[in-house]
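Scroll down for the structure; my scribbles are underneath it.
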Protein chains: 2
Amino acid sequence: MKMSDVARTAGVSVATVSKVVNGRWGVAQSTVDRVQRVIEQLGYEASLGAQSLRSQRTNVLGILVAEFEPFSTELLKGASAEVERTDYELLAYAAGARGSKVGWERRSLARLSGTLIDGAILVTPTVVEAKQGVHVVAIDPHTGPSGMPTVDSDNFAGAMLATNHLLGLGHRRIGFIGGRPDLESARLREAGFRKAMAQARVGVDEALVRVGGYRTESAEGPARELLSRAERPTAVFAANDLSAIATVMAARGLGLTVPDDLSVIGFDNVPESALSRPPLTTIKQPLQQMGAEALRLLVDLIAGVERDTHVRLPTELVVRDSCTPPR
Amino acid sequence: MKMSDVARTAGVSVATVSKVVNGRWGVAQSTVDRVQRVIEQLGYEASLGAQSLRSQRTNVLGILVAEFEPFSTELLKGASAEVERTDYELLAYAAGARGSKVGWERRSLARLSGTLIDGAILVTPTVVEAKQGVHVVAIDPHTGPSGMPTVDSDNFAGAMLATNHLLGLGHRRIGFIGGRPDLESARLREAGFRKAMAQARVGVDEALVRVGGYRTESAEGPARELLSRAERPTAVFAANDLSAIATVMAARGLGLTVPDDLSVIGFDNVPESALSRPPLTTIKQPLQQMGAEALRLLVDLIAGVERDTHVRLPTELVVRDSCTPPR
DNA sequence: ATGAAAGCGCTAACAT
DNA sequence: ATGTTAGCGCTTTCAT
């Protein structure tokens with residue numbers, strides 16, 4: 001089913017069909033009607049691939065992620081809700097396992113931009129190369145507010161909120177499971193942790209600070225190590241919910257009960273944090289809103305609207321059941 | 001940055017570059033090396049649009065949805081995890097608001113298939129037109145096990161589970177908020193509800209059976225109507241979690257407390273069901289597993305593997321806090 | 001081993 | 001008002 005099929009059936013040239021499809025001027029009303037009827041009948045729809053190769057605009061926005069996990073899918077929900085208010089369509093692309101997963105953002109962007117999509121949202125990109133000619137918005141990128149339009153949340157304040165919550169409960173021996181060192185968010189969360197500890201004049205035991213890499217698989221080992229120490233912490237602040245869940249699992253594996261033997265606080269407030277046993281106390285990032293803001297920002301950028309290209313949203317404490325005072 | 005740029009820089013023709021990129025036979029090793037170095041240097045990546053227009057395979061699988069909401073994003077997580085075990089990449093496409101949202105599955109499929117993707121997973125499609133030449137798997141489609149390869153869960157048994165849970169608690173006046181009448185899953189859930197009621201010899205008050213359409217916005221009105229009746233139900237079985245959440249909100253709006261004044265049970269076990277206040281008792285569909293199974297099925301279909309093309313997964317009761325015995 | 005050229009489905013400038 | 005034609009970036013014969 002292609003345009004030439006429509007043309008043949010309607011007894012016109014492909015050029016005429018193209019004009020009808022794109023609402024171009026200069027086709028007789030009777031022809032328009034006839035062609036449209038054929039299109040309807042045959043259920044013709046222009047091929048995105050071919051269409052975009054030839055024309056500049058596709059009316060499709062891309063959101064590029066490494067994979068679809070709880071974090072990126074929350075952003076997706078927000079972007080999806082916002083895109084309904086525009087006349088764009090949304091294309092989410094997950095880089096494959098090919099190429100060892102590093103540099104996926106550049107690869108995906110190169111593969112899609114210029115042709116398939118009019119602009120892209122990059123989720124936690126680490127290579128922030130300012131491509132020109134393509135409109136790009138980053139969510140929670142490698143570096144802080146750089147030249148690239150960015151949406152993030154107040155990671156530093158959020159980390160202080162988390163740490164102060166543990167301190168307020170009376171904890172002093174507090175461990176930290178860090179995120180991906182290549183992400184600004186991870187740096188800010190660690191900085192917030194240290195700042196709050198310093199403000200409270202509580203020392204940070206460096207043996208209790210580990211790198212968890214933001215993923216369950218990569219965080220469980222470090223968490224277990226940390227909890228296996230003779231002088232183990234009474235509380236752990238994990239840099240994101242997945243690491244926090246991994247920490248809870250590690251604790252369970254060591255015969256520890258959360259929160260009785262160990263308090264755990266996470267970060268992000270992905271839905272999974274509430275499903276975890278016990279439900280996780282965490283710092284909420286307004287992820288759906290961040291997705292929506294990023295999409296709005298991208299649309300504005302494409303439209304040439306003059307506006308602030310850096311959006312930072314507030315974080316807040318969500319108290320559930322994974323933290324209590326130390327025994 | 002296109003192939004001709006690489007060719008010019010490397011001092012060869014585009015044809016040669018293409019051969020190198022695709023690992024074709026018949027290029028001198030020295031040339032291969034040189035071209036690859038240039039590709040590396042320039043960060044060249046083939047344009048998906050152009051590439052797919054010309055060649056048959058793209059190594060990209062599509063998952064087509066109406067929008068990114070809790071249900072489809074759970075499927076996405078499962079499909080994403082499974083795709084890592086293959087060498088495909090995953091492209092999720094949300095039909096835009098254009099064209100009044102009906103027939104989106106046909107439109108999206110026509111737009112992407114043939115060119116951009118090697119196969120597609122359709123999420124809750126209602127128009128199950130067996131396109132030929134494109135490999136398609138449906139999740140929870142309009143019709144039951146048809147000719148189209150399908151993944152779903154045992155909706156009928158799940159609905160009986162839900163209804164029997166309410167009956168077991170002692171409820172007799174039980175309302176039902178139905179799903180989208182055009183989806184087989186909705187029909188089966190209603191059928192399961194009626195079957196369980198009949199088995200228990202409890203009558204169904206037709207005034208307490210409404211259509212909620214599976215969405216929060218569309219379910220809240222019917223829920224309010226149902227709860228505003230003089231003889232209001234002591235429990236409601238909502239055909240999915242979003243409708244159940246809408247029912248809880250409607251109850252709250254009427255000054256009713258869940259579960260004290262009204263028990264509510266949902267269906268799906270999307271993460272949001274646990275976040276709801278109170279946490280929702282519901283029927284779990286293994287959504288991530290369904291996404292993974294659909295992807296595996298699609299990959300097998302493309303590879304020409306002989307296998308069962310209909311996968312049905314079990315449902316189970318998840319007890320949380322939204323149901324108690326009637327007062 | 002390499003390159004020239006045709007063509008994938010579409011759009012747009014240019015005839016007619 | 002309609003059709004002819006060139007060309008988007010790429011792959012694939014087919015010459016050389």
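In what follows, every chain begins at residue 1, and chains take the letters A, B, ... in the order their sequences are listed.
Here the side chain of A:E105 pairs no donor or acceptor atom with the backbone of A:L64 at under 3.5 angstrom. A donor-acceptor contact shorter than 3.5 Å is absent between the side chain of B:D33 and the backbone of B:S30. Side-chain atoms of B:T9 come within 3.5 Å of backbone atoms of B:D5 as a donor-acceptor pair (strictly under, hydrogens ignored). Listed for the B:D118 side chain is no donor-acceptor partner under 3.5 Å among the backbone atoms of B:L61. Distance alone, capped at 3.5 Å, is enough to place a donor-acceptor pair between the B:S72 side chain and the B:E67 backbone. Listed for the B:T73 side chain is a donor-acceptor partner under 3.5 Å among the backbone atoms of B:P70.
When heavy atoms are screened at a 4.0 angstrom cut-off, B:V21 is found touching no nucleic acid atom at all. Within 4.0 Å of A:A15, counting heavy atoms only, lies at least one base atom of the nucleic acid. Heavy atoms of B:S47 sit under 4.0 angstrom from primed sugar atoms or phosphate atoms, though from no base atom. Among the heavy atoms of the strands lying under 4.0 Å from B:T31 are primed sugar atoms or P, OP1, OP2 only; no base atom is included. At the heavy-atom level, B:S52 lies nowhere under 4.0 Å from the strands shown.
Each of A:V14 and A:V32 was assigned the nucleotide of DNA chain D with the nearest heavy atom; the assignment lying further toward the 5' end belongs to A:V32. Toward the 5' end of DNA chain C, the nearer of the two residues B:L53 and A:S18, judged by each one's closest nucleotide, is B:L53.
Between the P atom of D:dT13 and the NZ atom of B:K19 lies a distance of 11 Å, rounded to the nearest Å. Remark: P of D:dT11 and CZ of B:R24 are 8 Å apart, rounded to the nearest angstrom. Atom CE of B:M3 is separated from atom P of D:dC8 by 15 Å (rounded to the nearest Å). The nearest whole Å value for the distance from the NZ atom in B:K2 to the C1' atom in D:dC8 is 8 Å. Protein atom CG of B:N22 is 6 Å distant from nucleotide atom P of D:dT12, rounded to whole Å.
Dashed line: the shortest gap from a side-chain N or O of A:T16 to OP1 or OP2 of D:dG3 is under 4.0 Å. Contact annotation: A:R54 does not reach the phosphate of D:dG7 (side-chain N/O to OP1 or OP2, under 4.0 Å). Contact annotation: B:Q51 reaches the phosphate of D:dT11 (side-chain N/O to OP1 or OP2, under 4.0 Å). An OP1 or OP2 oxygen of D:dG9 is reached within less than 4.0 angstrom by no side-chain nitrogen or oxygen of B:S4. Regarding contacts with the backbone of D:dG3, a side-chain N or O of A:S13 is found under 4.0 angstrom from either OP1 or OP2.
Interface limits on DNA chain C: the 5'-most and 3'-most nucleotides within less than 4.0 Å of chain A heavy atoms are C:dG9 to C:dA12.
Side-chain polar atoms of A:S185 and A:Y214 form a donor-acceptor pair below 3.5 angstrom.
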